[in-house]
Each structure stands twice: as structure tokens, then as C-alpha cells.
Amino acid sequence: MPIKKANELDFSNKKIKMIVAGYAGIGKTTLGLSAPKPLLFDIENGVDRVEGQYRKDTLIVENYEGLLEDLNTESFENYETFVIDTGGKLLDLMKPYVIRQNQQNGQRDGSLSMKGWGAVAQEFKRFMKIVNSMQKHIIYIFHTKEENDGDMTKLRIQVEGSIKTKIWEDMDLGGFVEMAGKKRTIGFSNTERYYAKGTHGVSGVYNIPTLYENANNNFIANLFSSYINDLNSFSTDYIEKQTAYEKAMSFIKIIDKCGEAEHLNNALEKLKLVNHSLTSERELKTHLINKAKELGYKYDTNKKAFI
């Protein structure tokens, strides 16, 4: 695959993968539908709980095989975001699927064997790879469960076993929705109470706007826009600094041509006029000192010159 230079990188079409977690009934689905041009994958049969004015196009999911077939045959060109509601229910649909694929994945009572849990983890990973390849933003909605850790009650996404680790690994963002007084908030920074994930300007706790009648439901759309703008501005800023650094470091050619103290001292004066960037000043000064040592000269701090 071709190597891209820093100034060739463009993140304008970056697709974001995000977890929205919280207690049942706190409005996670409506929040997920505030993403850009969403399609709801209703696996939990909960679209009826979304207020009519905020409902969006919905794919009714009854079993995992049907979902895979829909992903393979349906056209999704009119949508920018897949909202998976919920990730936990999706995993539940995968359990009988992996047993049907291999009887060793199940036990006599129909539950998963140890091998089966591994198969579910691998299938979820495969599913994420499929949807990621479709170039859409992906939002996985999860219910939370409480886990006691001494006197502290911690919130975790409602996923059995170690699968949650694989899920988090693939995410760009992960937020926990809570009530703070009468307001809903979503936190993107880790706390003692919950694990979250934020980057590129998305961090801390945000107030989720109250949706009054005819209000625009666009919180996550705005969040994604901010994320991508920050990603591109960081890239542009770094490219500018890297370009200035490379220009400054071309001064090495002048240092390498030095053969006498006069040349070294002239280079020292010219070095003060260089437009430095990143670590160029330190690197060039070090290179000049090493060149002087190589020629048998040293820097006199009193005369401020090589002698």
C-alpha cells in the first residue's frame, strides 16, 4: 500500500464509531438518532418508545441471519449513520447463530459453551468489520449494569464476559448518559464510576439539550462535526509545523560546509535568524556544536563564539 505524506492526509470523510450507554428509559435511542442521516437497526423492538417527531427510518431486526442478509442486499446510500439498538441484544441474537454454525459452541441446555463465548466474540468482531466497511458512522447503544467494587458502584456496558474489551477497542468515542438533577448529561472522560472514551476535542461532560416541540434533534451530528473539524485542524496545524521544521533543518547544509572557526561563528549568527519549528532549534544547535568538536573548536561562553 502507498505511503502517504503528512500533507496528503485528509480526514474530512472520517467515519466515527461510538458507544452511547445508559440506563433503560433515559433516551439513548433518541440521542442516537440525533446523528447525521441515521438508520435505526431496531433489534430491541423499542422504536415505539421514541416520540413520533424524532423517529427515523428503521430496519426491523428479528434474527441475526436476516440482519446479515439485509446488510448484503439492501441499499443504504441515503444514510450516513447506523444506529445499533442495542449492542447487547445484537449479541443475544448471535448466540443461537454461532451454535447453529457449530454444535460445539453450545451445551445441552442451549446455553453457550466456553468455545461458544469465544465464537460470539469473534462473530461480533466480524460484524463490526462488515459495517465498518460500509463507510457509515456507527453508534452502538448499550444498557448499563451496576457492578459493586467495595463501597463504589460502577457502571459498565451490559455485555457478558470479556467481549466488552473487544467492543471498546474499536470505538472512537464512548459516552455514558446520566441524569444530573433534571438535566441529562453525557460523559466522555473516564471517572471512578464509569469507563468512557473521548478524543479530538470531545471530552468531559456535556449537557444534552432538552427537546421541546419541533426542536432539532442534532446533538450527535454537531458533536461529529466538531470532532472531524478538530481532527483536520490538528492535522493542518501539524503539517504547517512539519513543513516549517523541514525548511529550518535545511540549515544543516550550511553547518556541514563549515571548516574554520569563522565559518562556525557565521553559522551561529545566521542560526538566530532561522524560523524554527518543533525541535529544529535544539537539533541545529546540537549539530553545530558537534561539528565544532569534530573540527577541534569549542564554544567560549564569555566571547560567545567558537574558538
Side-chain angles (χ1 to χ4, degrees), residues 14-35 43-44 46 49 81 83-92 94 112 114 117-118 120-121 124-125 127-128 132 137-211 217-231 234:
K14 159 75 176 176
K15 301 306 177 186
I16 299 170
K17 298 180 286 294
M18 176 181 177
I19 285 176
V20 173
Y23 290 117
I26 203 168
K28 299 186 298 298
T29 304
T30 302
L31 181 62
L33 293 176
S34 70
I43 308 173
E44 187 127 316
R49 294 191 290 271
T81 308
V83 181
I84 312 297
D85 187 16
T86 62
K89 186 64 176 178
L90 174 61
L91 286 163
D92 287 341
M94 289 179 180
L112 288 174
M114 289 295 293
W117 282 110
V120 169
F124 194 88
K125 192 173 181 179
F127 175 83
M128 288 195 293
N132 290 349
H137 301 298
I138 313 291
I139 297 176
Y140 294 92
I141 295 174
F142 281 94
H143 294 311
T144 59
K145 63 178 181 179
E146 296 182 350
E147 294 181 357
N148 293 323
D149 185 1
D151 295 332
M152 175 70 70
T153 298
K154 296 185 176 182
L155 301 178
R156 296 291 184 266
I157 60 174
Q158 193 167 310
V159 178
E160 298 176 84
S162 60
I163 300 175
K164 65 171 69 73
T165 302
K166 294 184 181 295
I167 295 170
W168 277 108
E169 285 175 353
D170 197 50
M171 296 300 123
D172 298 302
L173 296 172
F176 265 80
V177 181
E178 297 186 283
M179 293 299 299
K182 295 183 179 180
K183 291 187 176 181
R184 287 188 305 153
T185 64
I186 182 168
F188 291 98
S189 298
N190 289 332
T191 70
E192 290 184 348
R193 295 181 56 250
Y194 57 72
Y195 179 76
K197 199 171 188 178
T199 184
H200 292 297
V202 178
S203 64
V205 178
Y206 293 68
N207 288 325
I208 300 172
T210 301
L211 294 176
N217 186 27
N218 56 9
F219 177 83
I220 291 181
N222 292 336
L223 190 77
F224 283 2
S225 178
S226 173
Y227 178 103
I228 293 170
N229 287 339
D230 185 88
L231 179 59
F234 174 82

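Side chains included, hydrogens not; waters and symmetry mates left out as well; all remaining heavy atoms used.
Asn190 contributes no side-chain N or O that, together with a main-chain N or O of Tyr195, makes up a donor-acceptor pair within less than 3.5 Å. Checked by atom type and distance alone, the side chain of Asn217 never pairs as donor or acceptor with a backbone atom of Leu211 at under 3.5 Å. One N or O on the side chain of Ser189 and one on the backbone of Gly204 form a donor-acceptor pair closer than 3.5 Å. Of the possible donor and acceptor atoms, none in the side chain of Asp230 sits under 3.5 Å from a partner among the backbone N and O of Ser226. Side-chain atoms of Lys197 come within 3.5 Å of backbone N or O of Met171 as a donor-acceptor pair.
Taking all atoms of both residues into account, the shortest heavy-atom contact from Asp172 to Lys14 is OD1-NZ, 3.2 Å. When all heavy atoms of Lys145 and Ile157 are compared, the closest pair comes out as CE-O, 4.1 Å. Nearest heavy-atom pair, Ile220 versus Ser34, reported as atom, atom and distance to 0.1 Å: N-OG, 3.0 Å. For the residue pair Val120 and Met94, the shortest heavy atom distance occurs at O-SD, 4.2 Å. Smallest separation of non-hydrogen atoms from His143 and Thr86: NE2-CG2, 4.0 Å. Here the shortest heavy-atom pairing between Ala196 and Gly187 reads CB-O, 3.6 Å.
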Exercise for review: Show your reasoning for whether side-chain contact (heavy atoms from CB on, under 4.5 Å) applies to Glu178 and Arg184.
Suggested key: CA-CA 6 Å; Glu178 297 186 283; Arg184 287 188 305 153; over 6 Å; no
Exercise for review: Could you go through the side-chain contact (heavy atoms from CB on, under 4.5 Å) check for Lys28 and Ile26 one step at a time?
Suggested key: CA-CA 6 Å; Lys28 299 186 298 298; Ile26 203 168; 3.6 Å; yes
**Study point:** Steps toward side-chain contact (heavy atoms from CB on, under 4.5 Å) verdict (Phe142, Arg156)
**Key:** CA-CA 9 Å; Phe142 281 94; Arg156 296 291 184 266; over 6 Å; no
Exercise for review: Walk me through it: do Val83 and Thr29 pass the test side-chain contact (heavy atoms from CB on, under 4.5 Å)?
Suggested key: CA-CA 8 Å; Val83 181; Thr29 304; 5.6 Å; no
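We find the CZ-OG1 distance between Arg193 and Thr191 to be 6.0 Å, quoted to the nearest 0.5 Å. Annotation: the span from Ile167 atom CD1 to Leu91 atom CG amounts to 5.5 Å, rounded to 0.5 Å. Between Thr185 atom OG1 and Ile208 atom CD1 the span is 6.5 Å, to the nearest 0.5 Å. To the nearest 0.5 Å, atoms CD1 (Ile19) and CG (Leu173) are separated by 10.0 Å. Taking CD1 of Ile228 as the start and CG of Leu223 as the end, the distance is 10.0 Å to the nearest 0.5 Å. Residue Phe124 holds its CZ atom at 9.0 Å from CG of Asp170, rounded to the nearest 0.5 Å.
Other residues, nucleotides and ligands contribute over 12 non-hydrogen atoms within 6.0 Å of the NZ atom of Lys17. With a 6.0 Å radius and a threshold of 12 heavy atoms from other residues, nucleotides or ligands, Met114 has its CE atom at or below the threshold.
You'll find the side chain of Val159 stays beyond 4.5 Å of the side chain of Trp168, heavy atoms only. Taking 4.5 Å as the limit, some side-chain heavy atom of Arg49 sits within range of a side-chain heavy atom of Glu44.
Note on ring orientation: taking the six-membered ring where Trp is involved, the planes of Tyr227 and His200 are perpendicular (angle over 60°, cut-offs 30° and 60°). Using a 30° and 60° split on the angle between ring planes, Tyr206 and Phe219 fall in the perpendicular class, above 60°.
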